[in-house]
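Notes for the one structure printed next.
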Amino acid sequence: RRSLNLQRTSISFASFSKFKMASIANQAVAARAKVVAPRSESRRSNNAAQIASSSKSVKQATFAGAKKLSAVSSNFTGAQVSRASSAAQSASRDLAMEIVAGGKPLGRKLKVAVVGGGPAGGCAAETLAEAGIETYLIERKLDNCKPCGGAIPLCMVDEFDLPEEIIDRKVTRMRMISPSNREVDIGSTLSENEYIGMCRREIMDDFLRKRAASFGANLVNGLMTGMEKPTTADGMYKIMYNDYSDGSKTGTKATLEVDCVIGADGANSKVAKDIDAGDYDYAIAFQERMSIPEDRMDYYKDCAEMYVGDDVSPDFYGWVFPKYDHVAVGTGTVVNKKAIKQYQTATRDRSAQKCGDGKIIRVEAHPIPEHPRPRRIQDRVALVGDAAGYVTKCSGEGIYFAAKSGRMCAEAIVEGSNNGANQIEERDLRTYLDKWDKKYWATYKVLDTLQKVFYRSNAAREAFVEMCSDEYVQRMTFDSYLYKTVVPGNPIDDIKLLGNTVGSILKANALRREAKKSRVGV
């Protein structure tokens, strides 16, 4: 997924500065403290050392298709990622805060199926397993290379304990290129320790899954084919799936009975269909991974590019994001999906001067949701990540919000079930939904507004790029993106920004009219 670092900018332009979000780091710590005690330092040190040790080989690997990536991913954490000692896990649970749950005692541990092993599913499974809940994480493609820009905010590295070894590049310059090829570098306000992380999803997702397994989650190599709902209030859900653990291409039919289901299975979610969650409009993201000459790669060592213009997308943007030893070049659209390859060609053409004659080593395409689904909870089934529709408009950011929603949903289950001792009810899952909407509703609405204002024409896009040259805009943009917190800006600067933005749009519209007259005259 791609990240345009525009949330703070949008708040200023649309005069949404009244919306305040506390520091994401403090909120995350407080939220987790309500469910389980902080992870033991010994667990954190042990896992970090094991992960770092087994990760060294990743940086020496080259990208050579899914098979090789699977091997790299396997070597990355490998079988050496051991779970924390039973004593450490027991101590962690003993320190858990006392929670009064409303469900009936089960006389056994709560059983939860997490369908989908991306960031949402991996983080949900980890939180559940760490609390002692019997957890099953079902994922079909364990070497999955999902088409995604792979950008993550700095706060995610600390909040989700991500080792630096999974971060391919630390971007400190985001170069915006307007329809007329005007270039503006965003990043001058960053400190020397601040950056945007660039990851390969096949590496990061594998790490999160294996970490969940280290806490006791059962990793199932399978594809869900259906779900039977319980016939009684406290009955079990039956998950039907094809099991591919034997390495066969067709798999074998299998079933799993659980108390609760978390749908983290992406935009084409089977879980969402089974609870009649409703449809949503979606974008098509198209991406090509390209191997480029070393001197060209050096240009992208700390730089990412974003191209705007109706040639690369009528309603989104094109991107060039650096990975370990290649770049990801892509674009997306909602309004004209059939022309996606045409837009991709334009993105390659506009970036050709910097990328050179790169060799395409992988082609990827995938749907991206444009807004949350009408229904995200039904009884003891909840949707998270792309399955719920948690991708921001305008920027297309989804990785952080996927991981965050997975964790928040799992925390609600842990709290509602008293660490897996009691049955949960729909009201327990709605706790997650209420917290999510309260925390992020403003962000999604503002970015929706920003997309409608600045992606409607090339004139508006020119104004947008011009606006991004302002230091005040850059500072607020990165503060918002890197730390997922929105705080009021300087009212005087906000007014100046609004005036400059309106002026830029008027000037761009005037230039567009003049250009149109010139074409007619010719």
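Position 1 is the first residue of the sequence, and the numbers go up from there. A quick note: this is a predicted structure, and the numbers were derived from the prediction, not measured. Values reported hereafter were calculated over all heavy atoms of this structure, with side chains retained and with hydrogens, waters and symmetry mates removed.
The shortest non-hydrogen separation linking S188 to Q474 is OG-OE1, 3.2 Å. Here the shortest heavy-atom pairing between A120 and A264 reads CB-CB, 4.1 Å. Between P367 and Y282, the closest heavy-atom pair is CB-CD1, 3.7 Å. Heavy atoms only, all atoms of each residue included: Y280 and P369 are closest at CZ-CB, 3.4 Å. V171 and A304 get closest at one heavy-atom pair: CG1-N, 3.9 Å. Annotation for I152 and C199: closest pair CD1-SG, 3.7 Å, computed over non-hydrogen atoms.
With contacts defined as side-chain heavy-atom distances shorter than 4.5 Å, the pair W319/V329 does not qualify. With a 4.5 Å cut-off on side-chain heavy atoms, E370 and K393 count as touching. Residues E471 and T189 meet the side-chain proximity criterion, which asks for heavy atoms closer than 4.5 Å. Inter-residue side-chain proximity for E164 and K170 is flagged as met; some heavy-atom pair is nearer than 4.5 Å. The closest side-chain heavy-atom distance from E288 to R362 is not below 4.5 Å. Proximity of P119 to D205: side-chain heavy atoms (C-beta onward) are separated by under 4.5 Å at one or more points.
Using cut-offs of 30° and 60° on the angle between ring planes, the pair F160 and Y400 is perpendicular. Ring geometry for Y432 against Y390 counts as perpendicular: the plane angle is over 60°, on a 0 to 90° scale with 30° as the lower cut.
Ionic pairing of D168 and K323 is not present here: no N-O contact between side-chain nitrogen and carboxylate oxygen is shorter than 4.0 angstrom. One finds no salt bridge joining D479 and R475 here, because no Lys/Arg side-chain nitrogen approaches an Asp/Glu carboxylate oxygen to under 4.0 Å. In summary, K404 and E397 do not engage in a salt bridge, as defined by a charged side-chain N under 4.0 Å from a carboxylate O. One finds a salt bridge joining D437 and R376 here, because a Lys/Arg side-chain nitrogen approaches an Asp/Glu carboxylate oxygen to under 4.0 Å.
To the nearest 0.5 Å, the span separating OG1 on T331 from CD1 on I284 amounts to 11.5 Å. Note that CZ of F207 is 9.0 Å distant from CD of E165, once rounded to the nearest 0.5 Å.
A centroid separation of less than 6.0 Å is found between the aromatic rings of F401 and Y440.
When only modelled atom types and interatomic distance are considered, S351 and E305 share no side-chain donor-acceptor pair under 3.5 Å. In this model, a donor atom of one side chain and an acceptor atom of the other lie less than 3.5 Å apart for D315 and T333. Between E194 and Y483, the side chains place a donor N or O and an acceptor N or O closer than 3.5 Å (distance only, hydrogens not considered). Side-chain atoms of T127 and E411 form no donor-acceptor pair, as typed in the model, at a separation below 3.5 Å. Between the side chains of S245 and D243, at least one donor N or O lies within less than 3.5 Å of an accepting N or O.
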- Task: Run the numbers on K270 and D274 for salt bridge (Lys or Arg N to Asp or Glu O under 4.0 Å), then give the verdict.
- Result: CA-CA 6 Å; K270 186 70 174 66; D274 283 350; 2.9 Å; yes
- Might you work through the salt bridge (Lys or Arg N to Asp or Glu O under 4.0 Å) test for R201 and E364, ending with a clear yes or no? CA-CA 12 Å; R201 285 288 302 276; E364 305 161 330; over 6 Å; no
- Task: Applying salt bridge (Lys or Arg N to Asp or Glu O under 4.0 Å), run through D302 and R169 and close with a yes or a no.
- Result: CA-CA 7 Å; D302 61 357; R169 301 279 175 174; over 6 Å; no
- Go through the steps for E183 and K354 under the test salt bridge (Lys or Arg N to Asp or Glu O under 4.0 Å), then give the verdict. CA-CA 13 Å; E183 297 184 356; K354 295 160 189 173; 2.6 Å; yes
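Looking at R296, its side chain does come within 3.5 Å of a backbone N or O of Q353 through a donor-acceptor pair.
With F454 as the aromatic partner, R461 does not meet the cation-pi criteria of under 6.0 angstrom to the ring centre and within 45 degrees of the ring axis.
Taking a 6.0 Å sphere around NZ of K301, one finds it holds 12 or fewer heavy atoms contributed by other residues, nucleotides or ligands.
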